[in-house]
Amino acid sequence: MRHLSKTTAGAAALALLLTACGADDFGGGDDTATGDDTTTGDTTTDDGTDADADAAADAVEPGSESLDGATITVGSKDFDEQLILGEISKLLLEDAGATVVDEIDLGSTFAAREALTGGQIDHYWEYTGTAWIEFYGETEPIADREEQYEAVRELEVGEGLYWLEPSPFNNTYGIAMSREAHDELGVDTLTELGELIESDPDAATLCVESEFEARSDGLPGMEAHYGYEFDPNNVSVLDTGVIYGATADRDPCNFGEIFTTDGRIATLDLVVLEDDQSFFPLYNVSPVFVEDVYEQYGQTLSDLYAPVTAALDDETMAELNARVSSENERPLDVAQDWLTENDFIG
Amino acid sequence: MAAPPEVEASSTTPAGTGGPAADTGGRTRLGDLLHYAGTPLVVGAALIGLYLWVQGLELDVIEARQLRREVLTGQLLQHLRLTIWSTVIVLALAIPLGIVATRTATRRLAPAIIGLGNAGQAIPSLGLLALIFFAARNVDFFPSTGTIPVVAALVGYSFLPILRNTMVGLDQVDAAVLEAGRGMGLSSTQILRRIELPLAVPVILAGVRTALVLNVGTATLAFLFGGGGLGRTIFQGFGLQRLPLLVTGAVLVSALALLIDWLAGLVEERLTPRGL
């Protein structure tokens, strides 16, 4: 019995330890991102919603104190994009008269979500694809941006969580290669990557995160969708932060899994392959609020956020990310500049 | 959680698991059986329990894919390989250095050597992995990802327990015994080989056990730098919120740590000179 309790205690302690590590050290797991002007822009789905956004822009004047008396606790995950979004929320809400409690930089997706459902925070920005797959255990993403958002929104209302309109920008997965490898191997699309696996399997080396390796919207799904398979010996599992450099150096792989709004893509001159058969799911981001706050200020918040969210397209977000990741600016300053330049705050 | 003294007792003196029958030093048959088979039995039971639990679950696609036998076996072997390699290398480095640091002629090197060991362990294991990764990226002949840099980090991390225990083990040898050895005309090398090292073995091996268990634990981070191992399953479970993956990975790592500690305990018992 003593031994058994030791085993269990060991397992529990280890799990705890790892949980702690996960939260503190590498929340980057699923998320990552730091950004820059990356990608192809093919993933942007800037349809609809913008008309509302523009209309709403007039409803709340910059500096109007429509959230007087409200106290809202703002959280975020721990990577650049999330820090910027968190600061945007803080400045926006403060500008509208709310008292903001700053819980930005909470850690991983898991940590931020726990804080939200556990009542430690009232709001953070979450990605539609993340909620669908990680919170609700779905394995098949929905290809349409609006439908994906609606599906998540409805599920979340049941949990007392309210998702405002999502951003046009889409921080999804992609496969990238160094400029040198691109010139040498001549691969431009994920379909052509399959041809390379056929013709020169040893050049088709791939670096992925452990999570991408397991996800249905990751490697297994991509292989099934495109109808090819990497030699397992040519797939290296690495930390997100390591993959970008490893791909740029072509050591140990020619191809690397990346996030499409990550700043390092431009910094390291990586070429993102076109997802020509549209496999990767959509990761548009929405401001999410808890019931208490939403019930009291829902309409005000929708009006306040709509124009801001609508302005966050792939290029904008990548640019903001790049200022933090490549130029070492503070997320708060980046958020402040952007909000001021666009007259979102007074 | 078991009370700390109890854990301490059962991990350092396995004889304690014999219960009342074993408390007098003269062991009974049952005591012997529990002494040698206790840990494997418990680990086996935990693994069977895990297997049955997982079998009874309705796994989704992701869980089923990552809990396949070949996936887990592969990770287990990677994990074992990392642990064994790093422990062998750290033994080969830390014990000689520990000896050097306790010789009269070279004793003044001790602070530097200990400082080295301290530095390795003071840096968080993840930080050490990252440091080695960044250092290796700038060196052509040393790979920055895969087994080699990860083993290097594990060596750095488990260096201190073996080094320090070697030094403590050698230092605690009674001066009178050394004097007697000298009186018998033994050279200092002979004294080291025939008197000091054998007397220091229990303490050194305690350090080795600590290092082994540390390495099993730290190797869960190896996957971040291409070293593979069971950390992959654990972190997939964590990142994707799949409890079966998290639990399977954690139980397997714990089982591995317990079994290795148990094996090292058997070795320790064999190598400890009689009468100690």
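Every heavy atom of this structure was used, including side-chain atoms; hydrogens, water molecules and symmetry mates were not. Letters go in sequence order (proteins before strands), and every chain restarts at 1.
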### Task
Tell me, yes or no, whether the heavy-atom count around B:Tyr51 atom OH, taken from other residues, nucleotides or ligands under 6.0 Å, exceeds 12.
no

### Donor-acceptor under 3.5 Å (B:Arg232 side chain, A:Val237 main chain)
no

### Message
Could you check whether atom CZ of B:Phe134 has more than 12 heavy atoms from other residues, nucleotides or ligands sitting under 6.0 Å from it?
### Response
no

### Message
I'd like to know whether B:Gln241 forms a side-chain contact (heavy atoms from CB on, under 4.5 Å) with A:Phe110, so could you lay out the CA-CA distance, the side-chain angles of the two residues, the decisive distance to 0.1 Å, and finally the verdict.
### Response
CA-CA 8 Å; B:Gln241 296 292 292; A:Phe110 180 63; 2.9 Å; yes

### Task
Name the region of A:Glu140, side chain, backbone, both or neither, that has any atom closer than 4.5 Å to a heavy atom of chain B.
neither

### Query
Got a sec: does the CH2 of B:Trp85 have more than 12 other heavy atoms crowding it under 6.0 Å?
no

### Query
Which region of B:Phe133, side chain (C-beta onward) or backbone (N, CA, C, O), has a non-hydrogen atom less than 4.5 Å from a non-hydrogen atom of chain A, or is it both or neither?
side chain

### Summary
Correct closest heavy-atom pair for B:Ile62 and A:Arg215 would be CD1-CA, 4.3 Å

#### Entry: Distance-minimising heavy-atom pair for A:Ser216 and B:Arg65
OG-NH2, 3.2 Å

### Trace of the side-chain contact (heavy atoms from CB on, under 4.5 Å) decision for B:Thr145 with A:Leu238
CA-CA 8 Å; B:Thr145 57; A:Leu238 297 169; 3.6 Å; yes

### Query
Hey, does the side chain of B:Gln236 reach the backbone of A:Ser210 with a donor-acceptor pair shorter than 3.5 angstrom?
yes

### Task
Calculate, to the nearest 0.5 Å, the distance between atoms CG and CG belonging to B:Leu221 and A:Asp239 respectively.
10.0 Å

### Task
Please examine the side chains of A:Asp251 and B:Pro143, heavy atoms only from C-beta on, and report whether any two atoms are closer than 4.5 Å.
no

### Task
Would you indicate whether B:Ile89, at its atom CD1, is surrounded by more than 12 heavy atoms from other residues, nucleotides or ligands within a distance under 6.0 Å?
yes

## Note on the structure
When rounded to the nearest 0.5 Å, the distance separating CZ of B:Phe238 from CD of A:Glu211 is 9.5 Å

### Query
Taking atom OG of A:Ser236 and atom CZ of B:Phe223, what is their separation to the nearest 0.5 Å?
14.0 Å

